[in-house]
Amino acid sequence: MATSAYLGCRFRVRTGWEPSGKTSIMGQSYCTAEELTAFARRRNPGAPDCSGLYLQLGERYGVRGDLAYCQAMYETKMWSLDADYSEERLAKDAEVQIRRLHRFAVGPPPQEEDRPNGELHAAETRLRHLRGQARCWEDLNGKWPGAGDRYGQDIVSIWRNLLEWAGKGGLRVEKKTETALPESQQGERARLRHDDQVPDGNETAQAGTSLEQRVAAIAAQEDLNWLRSRDLLPVPDPSPGKGVTWAELAALLRRWDEKRPEPSEG
């Protein structure tokens, strides 16, 4: 959009995504232990309270603990499989899992570099050739033990549903390197920046609102205006920040399809 061209920002940057469009294994968690447990117990009220352990281990090894927790939910079918979920067993399994993620992403954790091969678990010895070969979750497809060709995407999908449920997902604005602008556009940028710093009489509405947030709101409203001009919005108009269900998306696409002209014959 034109707005992003002269404000030095780019829109629609997905939370947790790298420029490649994949989701890195290493990094910080986005969710709290309370959010992880509450999300799991929406599907299974008897899910064990082990989310804090995943976050602690993730921080220790530099692995994203909330995504590792989603991996555990995926592999245990939301903790519904008949298995040993005692605290001791959960602690052991979680550490093995996160250390293995570290090995797949960047290589052995520092604590393992000097250990004789005979002390490693047999499975880790077999997977030695894959060390450092899966920097992102999507790279685990066909490499992680038992993983299919959509393994990483399925785990990331659970995590993104969790982010949306916790109100931490969606899109954000990210600054980019600014380029020289035509003189006609420089004045508009200066005006917007000035407005961001000096209230124009509506202090309550502008308090705590950054330039990036305001630009994102402008972009979202432009998208809604585009839909409204084609009579594709429901009545009353939805809020730009409101989530859309599959049913609402299907209704919008159906209205759009009905308005398309019939292809000409011949």
Side-chain angles (χ1 to χ4, degrees), residues 10 13-33 35-37 39-40 48 50-76 79 88-163 166 168-169 172 174-177:
R10 61 189 179 99
V13 181
R14 286 285 184 183
T15 300
W17 269 7
E18 295 195 338
S20 66
K22 296 181 180 180
T23 309
S24 62
I25 290 175
M26 308 299 289
Q28 295 182 338
S29 299
Y30 282 81
C31 298
T32 66
E35 289 166 344
L36 294 173
T37 300
F39 182 79
C50 61
S51 54
L53 177 64
Y54 275 85
L55 296 184
Q56 292 169 11
L57 289 169
E59 184 175 0
R60 180 190 306 173
Y61 292 103
V63 171
R64 296 166 76 163
D66 52 355
L67 264 154
Y69 183 83
C70 291
Q71 181 186 26
M73 285 195 292
Y74 179 75
E75 293 200 344
T76 62
W79 312 103
E88 182 179 358
R89 185 66 191 183
L90 286 169
K92 180 178 179 180
D93 288 349
E95 183 153 15
V96 168
Q97 174 191 348
I98 288 181
R99 290 167 74 97
R100 179 179 291 177
L101 285 168
H102 189 289
R103 284 191 287 272
F104 267 85
V106 296
Q111 299 89 330
E112 283 187 3
E113 290 178 350
D114 299 325
R115 290 173 59 187
N117 289 339
E119 294 184 15
L120 295 175
H121 190 280
E124 309 311 329
T125 302
R126 291 195 300 271
L127 297 171
R128 193 187 315 169
H129 67 288
L130 293 174
R131 291 175 178 178
Q133 299 300 308
R135 195 169 58 85
C136 296
W137 286 92
E138 294 84 352
D139 298 331
L140 294 175
N141 298 344
K143 299 176 182 176
W144 188 268
D149 59 3
R150 292 282 304 174
Y151 180 80
Q153 285 88 340
D154 289 344
I155 292 170
V156 171
S157 178
I158 293 173
W159 180 68
R160 294 208 175 280
N161 287 336
L162 165 61
L163 290 179
K168 297 179 177 180
R172 70 180 190 277
E174 186 174 278
K175 288 205 170 191
K176 66 178 182 180
T177 303

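Bear in mind the structure is a predicted one, so any value in this text is a computation, not a measurement. The first residue in the sequence is number 1, and the count goes up from there.
Between Met73 and Trp159 there is no side-chain heavy-atom pair separated by less than 4.5 Å.
Here the closest non-hydrogen pair linking Ile155 and Gln71 is CD1-CG, 3.5 Å. A pairwise comparison of heavy atoms in Met26 and Val106 identifies CG-CG1, 4.1 Å as the closest pair. Leu140 and Ala134 make their closest contact through CD2-CB, 3.7 Å (heavy atoms, listed as atom of the first residue, atom of the second, distance). Ser24 approaches Leu67 most closely through the heavy-atom pair O-CD1, 4.3 Å. Across Lys168 and Tyr30, no two heavy atoms sit closer than the pair NZ-O, 3.0 Å. Between Leu36 and Asp66, the shortest heavy-atom contact is CD2-CB, 3.9 Å.
Note that OH of Tyr61 and CG of Leu101 are 12.0 Å apart. Values are rounded to the nearest 0.5 Å. Taking NE2 of His102 as the reference point, atom CD1 of Ile98 lies at 11.0 Å (rounded to 0.5 Å). Taken from SG in Cys31 to CG in Leu162, the straight-line distance is 4.0 Å, to the nearest 0.5 Å. How far CD of Gln56 is from OG of Ser29: 11.0 Å, rounded to the nearest 0.5 Å. From Glu35, atom CD reaches atom CG of Leu163 across 9.0 Å, with rounding to the nearest 0.5 Å. Note that CD of Glu138 and CZ of Arg150 are 9.0 Å apart. Values are rounded to the nearest 0.5 Å.
Salt-bridge check for Arg89 with Asp93: passed, with a basic side-chain N closer than 4.0 Å to an acidic carboxylate O.
Taking the six-membered ring where the residue is Trp, Phe104 and Trp144 present tilted rings, their angle falling between 30° and 60°.
Here Ala72 pairs with Tyr54, Trp79, Gln97 under the side chain to side chain contact (heavy atoms under 4.5 Å, CB included) rule; sequence neighbours left out.
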